Amino acid sequence: ILLPTLENHNSTTQQKRVQLQFLLKICQNPQTLVEIFLNYDCDLESNNVFERMVNALSAIAKGSYFGGTFSNQEVGLKTLALQCLVAIMQSLVEWCKPLSDRDNDEEAPEKQEDDIEIATFRKIEPDQFE
């Protein structure tokens with residue numbers, strides 16, 4: 001239901017904003033994201049819902065749907081789409097933490113050189129762009 005609206009170039013900014021606000025809540029739930037991926041993208045007979053979601057969010061965040069100039073509403077949509085992408089990354093990191101913690105328990109307690117720290121992003125409320 002969400003993806004066709006986000007992928008449609010003719011959807012209004014209001015429709016996309018409401019869909020993105022709902023999608024942000026989904027993106028903030030690590031287990032839901034993993035289940036979407038496992039139940040749809042890993043099933044050869046199903047649509048790649050997670051992939052389509054990330055592609056649609058990326059296109060909106062890059063401004064691919066808006067042409068050359070951006071109104072305040074379109075900048076708000078781009079920001080909201082980027083927040084969704086960041087939430088996806090943070091959720092996936094959170095979901096992987098128990099696996100990483102288990103692996104770290106088996107290794108030496110000192111920090112590995114290739115450990116990556118995830119930056120904390122300042123939360124921007126969608127209402128700021130209205």
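Only heavy atoms go into these numbers, but all of them, side chains included; no hydrogens, no water, no symmetry mates. Bear in mind that the values here come from a model prediction, so they are computed numbers and not experimental data.
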4.5 Å side-chain heavy-atom contact, Leu3 and Gln19:
no
Would you say that Leu82 contacts Ile60 through its side chain, given a criterion of any heavy-atom pair below 4.5 Å between the two side chains?
no
Ser11: what forms a side-chain contact (heavy atoms from CB on, under 4.5 Å) with it, not counting sequence neighbours?
Thr5, Asn8, Gln15, Lys16
When rounded to the nearest 0.5 angstrom, what is the spacing between CD1 in Ile26 and CE in Met53?
7.5 Å
Please list, chain by chain and in numerical order, all residues satisfying side chain to side chain donor-acceptor pair (under 3.5 Å) with Glu94, sequence neighbours excluded.
none
How long is the span from the CD atom in Gln31 to the CD1 atom in Ile36, to the nearest 0.5 Å?
11.0 Å
Consider only side-chain heavy atoms of I, L, V, M, F, W and Y, link residues closer than 4.5 Å, and tell whether Phe22 and Leu57 are in one cluster.
yes
By side chain to side chain donor-acceptor pair (under 3.5 Å), which residues pair with Thr32, not counting sequence neighbours?
Asn29
For Asp43, what residues pass the side chain to side chain donor-acceptor pair (under 3.5 Å) criterion, not counting sequence neighbours?
Ser46
Just so I know, are the side chains of Cys84 and Met89 near enough to count as touching, which here means a heavy-atom distance under 4.5 Å?
no
Chi angles and distances behind the side chain to side chain contact (heavy atoms under 4.5 Å, CB included) call for Glu7, Asn55
CA-CA 9 Å; Glu7 294 170 334; Asn55 287 340; over 6 Å; no
Just wondering, do Arg17 and Gln73 contact through their side chains at under 4.5 Å, heavy atoms?
no
If you take all heavy atoms of Ala87 and Gln28, which pair is closest and at what distance?
CB-CG, 3.9 Å
When clusters are formed by joining ILVMFWY residues with side-chain heavy atoms under 4.5 Å apart, either directly or through shared neighbours, do Val18 and Leu24 land in the same one?
no
Not counting sequence neighbours, which residues clear side chain to side chain donor-acceptor pair (under 3.5 Å) with Asn48? List them please.
Glu51
For the atom pair CG (Leu20) and SG (Cys27), what is the distance rounded to the nearest 0.5 Å?
9.0 Å
Does any non-hydrogen side-chain atom of Pro30 lie less than 4.5 Å from one of Val34?
no
Donor-acceptor contact below 3.5 Å, side chain Asp41 vs main chain Val49:
yes
Once you round to the nearest 0.5 Å, how far does CG of Leu77 lie from CG of Asn72?
11.0 Å
Sequence neighbours left out, what passes ring-ring contact (aromatic ring centres under 6.0 Å, His included) with Phe37? Give chain and number order.
Phe50
